[in-house]
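Each ligand, and each atom within it, is numbered from 1 in the order the structure gives. Model, not experiment: these values are computed from the prediction.
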Amino acid sequence: MIMNKPKISIAGCGFVGLVSASSFASKGFSVIATTINEKEADLINSGKSPFYEDGLDILLKKAHELKNLKVITNNHDAVLNSDITFISVGTPIKDDKSIDLSYIDNVSEQIGFALKEKEEYHLVVDRSTVVPGTTRNLIGKNIIENSGKEIGKDFGLCMQPEFLAEGKSVEITFNPDRIIIGEYDKKSGDTLENLYHQFYYDYFSKNNCPIRRMTLESAELVKYANNCFLATKISFANEFANLAELIPNVDIQQVMDGIGLDYRINSHFLGAGVGFGGSCFNKDINAILNWGAQKKNNSRILESVLKINDNQAIHIVDIAEELLGDLNKEKISILGLSFKPGTSDMREAPSIKVVNELIKRDVRNIVGYDPKAMEEAKKYLGDSINYVNSIEEAIKDSDCVFILTDWGEFKVLSPEFFIKYMKTPNVIDGRRIYSFNEFTEKLNYRTIGHR
Ligand code: UDX
């Protein structure tokens with residue numbers, strides 16, 4: 001059966017919006033994306049990305065050559081000139097840690113106003129992470145109220161959570177492990193599933209990739225459960241790492257390798273260290289915690305996951321103090337500021353918590369270096385640390401080095417390198433990137449989960 005490719009509009013040009021827009025466009029779909037930022041629209045229309053994401057530049061270039069990606073600042077026109085609209089706007093966290101749905105509210109109102117003028121069936125798909133009930137009760141309701149149309153008959157509604165990790169968004173988009181479709185009704189789900197069969201061809205059968213259809217609310221909760229579970233695995237590894245430190249000869253990595261071989265557990269996200277950061281884990285755990293608490297249901301597991309994670313930053317400073325005594329007269333160096341390698345993103349980065357903890361303990365001489373996040377780090381850390389442009393400068397005459405991001409260029413450093421530049425070679429490895437035996441033999445080396 002030959003089907004025409006539906007025309008697509010995407011509200012929001014962040015990671016998810018822009019990666020999806022350029023992926024669809026690169027495969028010959030006609031896409032209109034929207035942003036409220038005119039400069040951003042111009043930049044993308046010239047074939048360039050406003051942020052770095054591995055592989056995105058190639059997709060954008062292809063979309064630009066094919067001339068089928070257009071970015072505009074008007075959701076109304078985007079909706080009217082498409083068959084399917086994806087919502088990929090931000091759902092940040094408010095000061096009280098509840099979810100901010102104002103962008104979702106605005107954009108769904110605008111979709112409603114536009115659909116008032118449209119005769120044909122239209123499908124609206126939410127990709128933004130939203131607390132359960134939002135797709136039906138906010139997005140659906142706004143569209144009905146502002147369009148006067150009937151849901152299920154005039155327009156369809158889906159919620160499709162995304163599972164993109166920064167730095168791997170393009171790879172994951174083209175090689176998903178599953179597609180989760182929350183649907184208002186069968187027609188909505190069928191329309192979205194058909195789009196993905198057109199986009200992926202025989203990928204699903206060839207790669208044993210399931211498409212799961214479910215209610216809107218289940219799909220909304222899949223996203224939270226997914227991120228919360230991954231974060232729980234990390235905090236679990238960190239809690240056991242602290243137990244491992246109570247006795248010599250236990251190495252937490254060996255322990256986690258051991259349990260990871262159980263097919264019911266698997267080995268991913270059991271890496272103990274200075275803890276998780278990033279735009280999603282903290283935000284999503286807080287949002288779902290807050291949502292549950294408002295309904296008088298407090299998740300004790302998730303509260304602990306956050307506490308254990310925050311404590312890792314304090315714990316690593318304790319480890320340094322154990323080794324050096326008072327830290328306040330020492331020169332402390334931090335290698336790695338971004339929340340993970342491969343990105344300049346500083347959101348919720350453990351480095352911020354470690355610096356705050358050091359300052360709390362009156363440490364004033366802190367030097368930081370990161371291969372990619374220097375400019376971004378200044379926005380978060382201001383003048384609380386000194387910034388330098390190389391590893392050598394960062395560790396020169398230093399009393400103690402903290403490794404807080406597992407960048408490749410730190411992994412290759414030898415004990416001799418630290419000995420050569422540092423005043424006293426004390427190395428605290430928050431990402432467990434060095435050989436324990438080699439480093440403990442040659443210098444003062446401490447890490448998480450191995451005494
Ligand atoms: C995450 C999820 O992986 C993704 O599916 C979701 O859509 C958004 O959140 P991201 O924040 O980009 O993606 O980064 P990820 O690679 O998952 O790492 C998150 C944090 O956990 C990093 O700070 C990383 O250093 C830390 N981490 C990861 C550990 O401390 N130990 C591990 O074993 C794995």
Side-chain angles (χ1 to χ4, degrees), residues 14-17 19-20 51-54 88 90-93 127-130 160-173 175-180 219-220 222-242 252-253 255-257 259-260 265-288 305-306 308-313 315-316 336-354 370 373 403-408 410-411 429-433 447-449:
F15 270 107
V16 180
V19 170
S20 310
F51 52 83
Y52 180 77
E53 179 64 21
D54 203 21
S88 297
T91 50
I93 203 102
R127 304 287 327 263
S128 301
T129 301
V130 291
Q160 187 209 340
E162 55 79 18
F163 304 103
L164 306 182
E166 272 180 48
K168 289 193 180 148
S169 301
V170 173
E171 189 192 318
I172 297 171
T173 299
N175 304 285
D177 50 7
R178 76 219 117 140
I179 301 277
I180 302 291
E220 289 167 325
V222 163
K223 172 64 195 237
Y224 284 104
N226 204 97
N227 272 352
C228 290
F229 195 75
L230 292 174
T232 304
K233 287 184 87 172
I234 299 170
S235 279
F236 177 85
N238 281 329
E239 185 147 89
F240 264 76
N242 296 345
I252 190 62
Q253 206 148 301
V255 177
M256 290 301 131
D257 280 350
I259 71 163
I265 296 177
N266 97 33
S267 59
H268 300 284
F269 279 67
L270 289 175
V274 69
F276 57 77
S279 65
C280 288
F281 286 171
N282 279 279
K283 173 174 92 77
D284 291 351
I285 296 174
N286 275 303
I288 202 71
V305 167
L306 287 180
I308 293 167
N309 195 53
D310 285 343
N311 191 58
Q312 284 309 95
H315 180 60
I316 202 168
L337 301 168
S338 63
F339 85 94
K340 69 173 186 181
T343 177
S344 61
D345 200 336
M346 283 290 296
R347 284 176 288 179
E348 302 289 342
S351 64
I352 302 169
K353 294 182 208 162
V354 171
D370 189 282
I403 311 285
L404 299 185
T405 317
D406 37 344
W407 283 103
F410 303 153
K411 287 186 183 170
D429 181 358
R431 292 296 182 187
R432 299 192 44 114
I433 60 176
T447 190
I448 303 273

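Of all atoms in ligand 1, listed by their number and element, those nearer than 4.0 Å to a heavy atom of Leu270 are 33 (O). Atom numbering of ligand 1 starts at 1 in the shown order; those under 4.0 Å from a heavy atom of Ala165 are 3 (O), 12 (O), 13 (O). Atoms of ligand 1 lying under 4.0 Å from at least one heavy atom of Lys223, given by number and element, are 7 (O). Residue contact check: Phe276 has heavy atoms under 4.0 Å from atoms 20 (C), 21 (O), 23 (O), 26 (C) of ligand 1.
Contact check for Asp406 versus Arg432: no side-chain heavy atoms found under the 4.5 Å cut-off. Residues Val305 and Phe276 meet the side-chain proximity criterion, which asks for heavy atoms closer than 4.5 Å. Between Asn226 and Pro161, every side-chain heavy-atom pair lies at or beyond the 4.5 Å cut-off. No side-chain heavy atom of Phe339 sits less than 4.5 Å from a side-chain heavy atom of Asn282.
If you run side-chain contact (heavy atoms from CB on, under 4.5 Å) between Ile316 and each of Ile403, Leu404, Thr447, only Leu404 comes through.
Looking from atom 8 (C) of ligand 1 to the surrounding protein, the closest heavy atom is Cys280 SG, 3.0 Å. Given atom 17 (O) of ligand 1, the protein heavy atom at minimum distance is Phe269 CZ, 3.3 Å. In this structure, atom 25 (O) of ligand 1 lies nearest to the protein heavy atom Arg431 NH1, 3.3 Å. Of the protein's heavy atoms, Glu166 N, 2.7 Å lies nearest to atom 12 (O) of ligand 1. Shortest contact from atom 27 (N) of ligand 1 to any protein heavy atom: Ile234 CD1, 3.5 Å. Distance from atom 23 (O) of ligand 1 to its nearest protein heavy atom, with residue and atom name: Phe339 O, 2.8 Å. From the protein, the heavy atom lying nearest to atom 7 (O) of ligand 1 is Leu164 O, 3.0 Å. Of the protein's heavy atoms, Phe163 O, 3.4 Å lies nearest to atom 5 (O) of ligand 1.
Aromatic ring centres of Phe269 and Phe229 lie farther apart than the 6.0 Å criterion allows.
Asn175 and Lys168 are not linked by any side-chain donor-acceptor pair at a separation below 3.5 angstrom, with hydrogens and angles left out of the test.
Contact annotation: for Arg432 versus ligand 1, there are no heavy atoms closer than 4.0 Å. At a heavy-atom distance under 4.0 Å, only side-chain atoms of Lys340, from C-beta outward, approach ligand 1.
The two residues Ala237 and Ala272 have their closest heavy-atom pair at O-CB, 3.9 Å.
Taking distance alone, with nitrogen or oxygen atoms compared against 3.5 Å, Leu230 stays at or beyond that limit from ligand 1. Considering backbone and side-chain N/O of Gly271, one or more are found under 3.5 Å from N/O of ligand 1.
A salt bridge does not link Glu348 with Lys353: none of the charged nitrogens is closer than 4.0 Å to a carboxylate oxygen.
One distance of note links SG of Cys280 with NZ of Lys223; it measures 5.0 Å at 0.5 Å rounding.
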